[in-house]
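Only heavy atoms go into these numbers, but all of them, side chains included; no hydrogens, no water, no symmetry mates. Nothing fancy with the numbering, it's 1 onward along the sequence.
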Amino acid sequence: MSQTNNMTPEKIEGDRRVLELLAQSFPDISSASSEIMNLEAIMSLPKGTEHFVADLHGEYEAFQHILRNASGNIKRKVTESFGSSLRESEIRQLCSLIYYPERKLQIIRASEKNLNDFYRVTLNQLIKICQSVSSKYTRSKVRKALPKEYAYILEELLHESQSADDKQAYFNRIIETIISTGQSDAFIVALCHVIQKLSIDQLHILGDVYDRGPGAHLIMDTLCKYRTFDIQWGNHDALWMGAAAGNDCCIANVLRLSLRYGNMATLEEGYGINLVPLATFAMETYGNDPCDNFGPHLDPDDNTHNEKTRRLLAKMHKAISVIQFKLEAQMTDRHPEWGMDDRKLIEHIDKEKGVCLIDGKEYTMRDTFFPTVDPSDPIKLTPEEEDLVNKLHHSFVISTRLKKHIDCLFSNGCMFGVYNSNLLFHASMPLNSDGTLKEVDVHGKKFKGRELFHQIGMLMRSAFNDDSPQDERLYATDYYWYLWCGPDSPLFDKSKMATFERYFLTDTSTHQEEKGYYYQLRNDEKICDMILNAFGVEGEHRHIINGHVPVRTNIGESPIRANGKLMVIDGGFAKAYHDTTGIAGYTLVYHSRGFQLVQHEPFSSAEDAIIHGTDIVSTIQIVEMSQRRMRVRDTDKGRELQSQVNELMELLYAFRHGIIKERARR
């Protein structure tokens, strides 16, 4: 809408319907003016801190710690406030209390000789830190972050100066009353949680909550209760979404990956998936097979799986893998338009010769024991396999907790996101060899760039939409498997997923997966600018932010590419990646001063952090700092607020010129 100096009665008349609706909320000059002043004040506040994480892969403890310490943001605030008055060990202990207040207080109560003195000092320290992290927010926003039972007192403490002489006695009296009434622990816990909440304004997750680690369901529980987050779906998320939709290929892949990493907790404890039928089938079918190539990939320090359990996991792993290859071959026959006939390798096994025939060449196999594969119809499930698949299918589609978590992914997620001049997507952008956007077929129509991502997102939703036509729902359910491993899938974008080859073929050249052109060209600033333009991303400082491909810092790879236009923040949260990457993940923090990339070392445990005050050792790299502090008016939210101000200015003009009559307040 127009600014005041561009307003005319004719323009106001054109917007009259909108202004009449606005007048219902702001019925007179006074209320409209007050709201304009309020919005202008909000736009002058510093920009809120955004927190970017990617590829969590079920590492719940590390994720929780990253949330609790805000990727080092809280320690930075504590150091700024008390760096000259507290020793490093005291700063660590105070930070540990903020991260894990309930459990830390138990230890302190058992060892502290003068609890009242501890409470007095600690409450004052926490109030000071809380005042610091809340300073960039309105009182209204801070109030919403406070627990209801203590909101009034906490608000008084946060907005009263401890140094003003006339308020000192008032402030001290509140602290002493908290202690004397036995509410110290409750107030400390409340303050710590408020500090955690206000240290991060918006959480961005660039995909892959699931697989490898044991706590994906716990991460999803946290996210479902989290106040403000968004997620750009990753390939592992899509795999679990497909499994929840009833795609049997996705179900088999989910089970295979869980067995590969010895991760039964998410399946059994998290989602109530009954694995007894699979275990029974595996023992009956592969009981005499050592399944040497299918042993679980466990942490070297793992002591939860004994030798008998590992042997059972290996047999279950092989059983579901063979079923997966059969199901995938059937899916490929059902969708020849996907061009994935080369994945039907189970049809080309010669058990007698111990080889697999690929493109006219024989490749030696590690394993030729396939009791359920009929050479005359190798992709057909045996009656026992079919019965097992039906049971597993039923377990996935009736899991209420899994359904709740998938609903959360849909409510807060999409294939991509654009936030404050940053384009977020998990993995890849299909490109041609010349760097132009590649057209990809989706249900008979071709799309590219932004429209491709949008159409895929809509199709994914239709698999769960009862109002969608039956044929569309069936296609959408099948499409989840293509998203997982299809050559032109933005979540995969490789020539093939060489799962069969890695398991069975000795020639490692067959294990190679050729990446799409995006992975080759994304270091080119011009390519990144072209993609940003295609998605309508504007701003002097704009970026693409990805996850998906671990950054191997141990061989010199950098997460910052294309002259700063691209940031890849998958540094390997999953323990399975630590040897590959040399670190334990990246997170990105975007505050009012600019971007900071945080490189994390492996996390020991929450218990160690609580007892000894240890933290994730992090290295902060300044990516891009602004010469001036960014304000809310410089953000997407600021543009929304400015639009509201413009509308209210038009309403004032209409009131003052009698075009719209002021109304009596109710």
Are the side chains of [X] and [Y] in touch, meaning some heavy atoms are under 4.5 Å apart?
| X | Y | answer |
| --- | --- | --- |
| Ile129 | Leu94 | yes |
| Ser134 | Glu155 | no |
| Tyr137 | Leu45 | no |

Worked verdict on Phe171 versus Asn124 for side chain to side chain contact (heavy atoms under 4.5 Å, CB included) = CA-CA 10 Å; Phe171 188 93; Asn124 276 282; 3.4 Å; yes
Closest non-hydrogen atom pair, [X] against [Y]:
| X | Y | answer |
| --- | --- | --- |
| Gly215 | Tyr60 | O-CB, 3.8 Å |
| Asn546 | Ile544 | ND2-CG2, 3.6 Å |
| Arg256 | Asn253 | NH2-OD1, 3.1 Å |

Would you sort out whether Ser89 and Gln93 count as a side chain to side chain contact (heavy atoms under 4.5 Å, CB included), showing the intermediate values?
-> CA-CA 6 Å; Ser89 60; Gln93 292 300 326; 5.6 Å; no
Verify salt bridge (Lys or Arg N to Asp or Glu O under 4.0 Å) between Asp221 and Lys225, making sure each step is shown before the conclusion.
-> CA-CA 7 Å; Asp221 282 343; Lys225 293 181 262 185; over 6 Å; no
Test log, rule side chain to side chain contact (heavy atoms under 4.5 Å, CB included), inputs Ile320 and Leu392 = CA-CA 11 Å; Ile320 200 63; Leu392 293 169; 4.1 Å; yes
In a table with atom names and distances, give each donor-acceptor pair under 3.5 Å that connects a side chain of residues 271-278 to protein atoms at least two apart or in another chain.
unit_1	atom_1	unit_2	atom_2	d
Tyr271	OH	Tyr210	OH	2.8
Tyr271	OH	His405	ND1	2.7
Asn274	OD1	Val276	N	3.1

Can a donor-acceptor pair be found between the side chains of [X] and [Y] at a distance below 3.5 Å?
| X | Y | value |
| --- | --- | --- |
| His543 | Asn422 | yes |
| Arg629 | Ser592 | yes |
| Glu156 | Tyr170 | yes |

Asp237 side-chain N/O to Val209 backbone N/O, donor-acceptor pair under 3.5 Å =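 Yes; at least one donor-acceptor contact below 3.5 Å.
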Sidechain-backbone polar pair: Arg401 side chain, Gly270 backbone, donor-acceptor under 3.5 Å |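 It does hold such a pair.
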Should His204 and Tyr590 be marked as a ring-ring contact (aromatic ring centres under 6.0 Å, His included) after you check the CA-CA gap, both sets of side-chain angles, and the distance that decides it?
-> CA-CA 11 Å; His204 304 289; Tyr590 183 24; 9.0 Å; no
Derivation of the salt bridge (Lys or Arg N to Asp or Glu O under 4.0 Å) call for Arg120 and Glu176 | CA-CA 8 Å; Arg120 191 174 296 107; Glu176 292 301 327; 2.7 Å; yes
Applying salt bridge (Lys or Arg N to Asp or Glu O under 4.0 Å), run through Asp201 and Lys47 and close with a yes or a no.
-> CA-CA 9 Å; Asp201 190 39; Lys47 170 193 173 298; over 6 Å; no
Could you check whether the rings of Tyr100 and His65 sit parallel, tilted or perpendicular, using 30° and 60° as the cut-offs?
->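 Tyr100 vs His65 ring planes: parallel.
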In terms of the angle between their ring planes, are Phe52 and Phe595 parallel, tilted or perpendicular, with boundaries placed at 30° and 60°?
->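 Phe52 vs Phe595 ring planes: tilted.
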Hey, mind stepping through Glu50 and Lys637 against salt bridge (Lys or Arg N to Asp or Glu O under 4.0 Å) and telling me if it holds?
-> CA-CA 13 Å; Glu50 298 173 71; Lys637 181 63 176 177; over 6 Å; no
Test side chain to side chain contact (heavy atoms under 4.5 Å, CB included) applied to Leu206 and Asp55, step by step = CA-CA 7 Å; Leu206 280 85; Asp55 300 88; 5.8 Å; no
